[in-house]
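Bear in mind the structure is a predicted one, so any value in this text is a computation, not a measurement.
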Amino acid sequence: MRYDLVIFDNDGVLVDSEPISNTLLAGYLTELGHPTTFEESVRDYMGSAMHTIHELVEERGGKKLPADFDDVFHARVFAAFQAELEVVAGAGDVLKGLAAAGVPYCVASSGSHERIRVGHRKTGLDVWFTDETIFSAEDVGRGKPAPDLFLHAAERMGVAPERCVVVEDSGPGVQAALAAGMDVYGFTAMTPEAKLTGAKGFFARMEELPAILGT
């Protein structure tokens with residue numbers, strides 16, 4: 001094993017939530033008078049913390065989102081998760097292998113703690129994580145692409161940043177990992193390599209990850 005800690009992004013890496021959440025986000029923004037397509041949502045918001053959505057919408061439209069935007073959006077997402085969410089193919093086996101090999105790992109997500117846990121319970125991934133190995137943008141002042149979340153996770157897990165590797169599927173996530181001084185590998189199942197500039201390598205199927213990590 002070349003690293004002392006594997007840090008996973010959650011949405012799109014462990015749980016196949018990006019198609020669901022971006023469809024709902026595009027629809028909700030459009031309802032509120034900010035016309036947004038699914039493709040635009042993926043391009044502009046995928047992998048970003050909620051505050052980034054607020055900032056970009058206000059910057060582009062000159063109008064703030066409603067105060068209850070996050071609550072309404074999350075309620076819609078959670079309802080859809082309960083009906084539709086599935087684990088990313090092979091993610092459970094990767095986590096099982098790391099656990100069996102005694103390799104430390106955690107999740108560091110732009111999503112809220114509630115969103116992470118709802119998704120993990122629905123997909124059965126909750127058996128592979130404890131409260132001490134789940135980190136959210138809620139835990140820090142700035143979400144991705146700032147390095148704060150990854151640095152926070154590394155500190156809490158007791159591992160130096162340069163000994164960490166991040167598994168990401170979004171541009172902001174890759175930028176955050178690089179800013180934190182960590183190696184990062186890009187998961188290209190939904191995101192083209194061109195949007196993951198700076199990643200040390202790329203893979204399209206979770207089955208490829210153990211060999212990349214050297215586990």
Side-chain angles (χ1 to χ4, degrees), residues 1-15 17-18 45-55 70 74 88 91-92 94-121 123 125-187 191 196-201 203 206 209-210 212-215:
M1 178 65 184
R2 295 189 294 271
Y3 303 98
D4 296 334
L5 176 66
V6 183
I7 304 177
F8 290 94
D9 176 43
N10 190 56
D11 293 295
V13 171
L14 297 178
V15 296
S17 55
E18 295 294 8
Y45 305 122
M46 186 172 134
S48 298
M50 290 300 293
H51 68 79
T52 301
I53 299 173
H54 287 263
E55 292 163 2
D70 291 12
H74 286 140
V88 168
V94 169
L95 295 172
K96 181 179 180 180
L98 291 174
V103 176
Y105 62 87
C106 65
V107 60
S109 171
S110 292
S112 66
H113 276 283
E114 184 180 10
R115 174 175 172 144
I116 298 167
R117 286 165 170 78
V118 167
H120 285 189
R121 287 195 297 269
T123 59
L125 291 181
D126 55 329
V127 301
W128 302 114
F129 292 95
T130 65
D131 288 344
E132 291 73 31
T133 58
I134 296 176
F135 304 100
S136 161
E138 291 181 321
D139 302 331
V140 295
R142 300 180 300 166
K144 306 170 189 177
D148 305 36
L149 176 56
F150 288 140
L151 292 173
H152 171 70
E155 181 181 11
R156 291 291 297 274
M157 295 293 291
V159 178
E162 62 271 18
R163 297 299 304 158
C164 298
V165 61
V166 175
V167 182
E168 264 288 354
D169 74 329
S170 75
V174 170
Q175 293 172 40
L178 294 174
M182 302 176 180
D183 282 351
V184 54
Y185 286 90
F187 183 44
T191 310
L196 303 175
T197 303
K200 191 176 181 69
F203 65 105
M206 273 294 158
L209 186 56
I212 290 173
L213 298 179
T215 59

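A donor-acceptor contact shorter than 3.5 Å links the side chain of Ser136 to the backbone of Gly111.
One finds the CZ atom of Arg115 at 4.0 Å from the CG atom of Asp11 (value rounded to the nearest 0.5 Å). To the nearest 0.5 angstrom, Glu138 atom CD is 8.5 Å from Glu114 atom CD. Between Cys164 atom SG and Leu151 atom CG the span is 9.0 Å, to the nearest 0.5 Å. Between atom CG of residue Asp9 and atom NZ of residue Lys144 there is a gap of 3.5 Å, rounded to the nearest 0.5 Å. The structure places CD of Glu55 at 9.5 Å from OG of Ser48, a figure rounded to the nearest 0.5 Å. In this structure, NE2 on His51 lies 11.0 Å from CG on Asp70, to the nearest 0.5 angstrom.
Of all heavy-atom pairs spanning Ser110 and Ala137, the tightest one is O-CB, 3.6 Å. What you find for Ile116 and Ser109 is that their closest heavy atoms are CD1-CB, 3.7 Å. Nearest heavy-atom pair across Phe203 and Val167 is CZ-CG1, 3.7 Å. Residues Ala199 and Gly186 share a closest heavy-atom pair of CB-N, 3.9 Å. Heavy-atom minimum distance, Phe150 versus Ala180: CB-CB, 4.2 Å.
For the pair Val165 and Lys200, the minimum side-chain heavy-atom distance is 4.5 Å or more. Contact of the Leu95 side chain with the Leu14 side chain is registered, since non-hydrogen atoms from C-beta on lie closer than 4.5 Å. Contact check for Met46 versus Thr191: side-chain heavy atoms found under the 4.5 Å cut-off. Taking 4.5 Å as the limit, every side-chain heavy atom of Gln175 sits out of range of all side-chain heavy atoms of Ser170. The shortest side-chain heavy-atom distance between Val184 and Leu178 falls under the 4.5 Å cut-off. Side-chain contact check for Leu5 versus Arg163: every heavy-atom pair is 4.5 Å or farther apart. A 4.5 Å side-chain heavy-atom check between Thr133 and Met157 finds at least one atom pair inside the cut-off. By the 4.5 Å heavy-atom criterion applied to side chains, Leu98 and Phe8 are counted as neighbours.
Exactly one residue among Phe129, Tyr3, Trp128 makes a ring pair (Phe, Tyr, Trp, His ring centres under 6.0 Å) with Tyr105. That residue is Phe129. For the side chain to side chain contact (heavy atoms under 4.5 Å, CB included) criterion with Val107, the lone passing option out of Asn10, Val6, Val15 is Asn10.
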Please walk me through it: do Glu168 and Leu196 pass side chain to side chain contact (heavy atoms under 4.5 Å, CB included)? CA-CA 9 Å; Glu168 264 288 354; Leu196 303 175; 5.8 Å; no
Determine whether Lys96 and Val127 satisfy the following criterion, side chain to side chain contact (heavy atoms under 4.5 Å, CB included), listing intermediate values before the conclusion. CA-CA 10 Å; Lys96 181 179 180 180; Val127 301; over 6 Å; no
Run the numbers on Ile7 and Phe135 for side chain to side chain contact (heavy atoms under 4.5 Å, CB included), then give the verdict. CA-CA 10 Å; Ile7 304 177; Phe135 304 100; over 6 Å; no
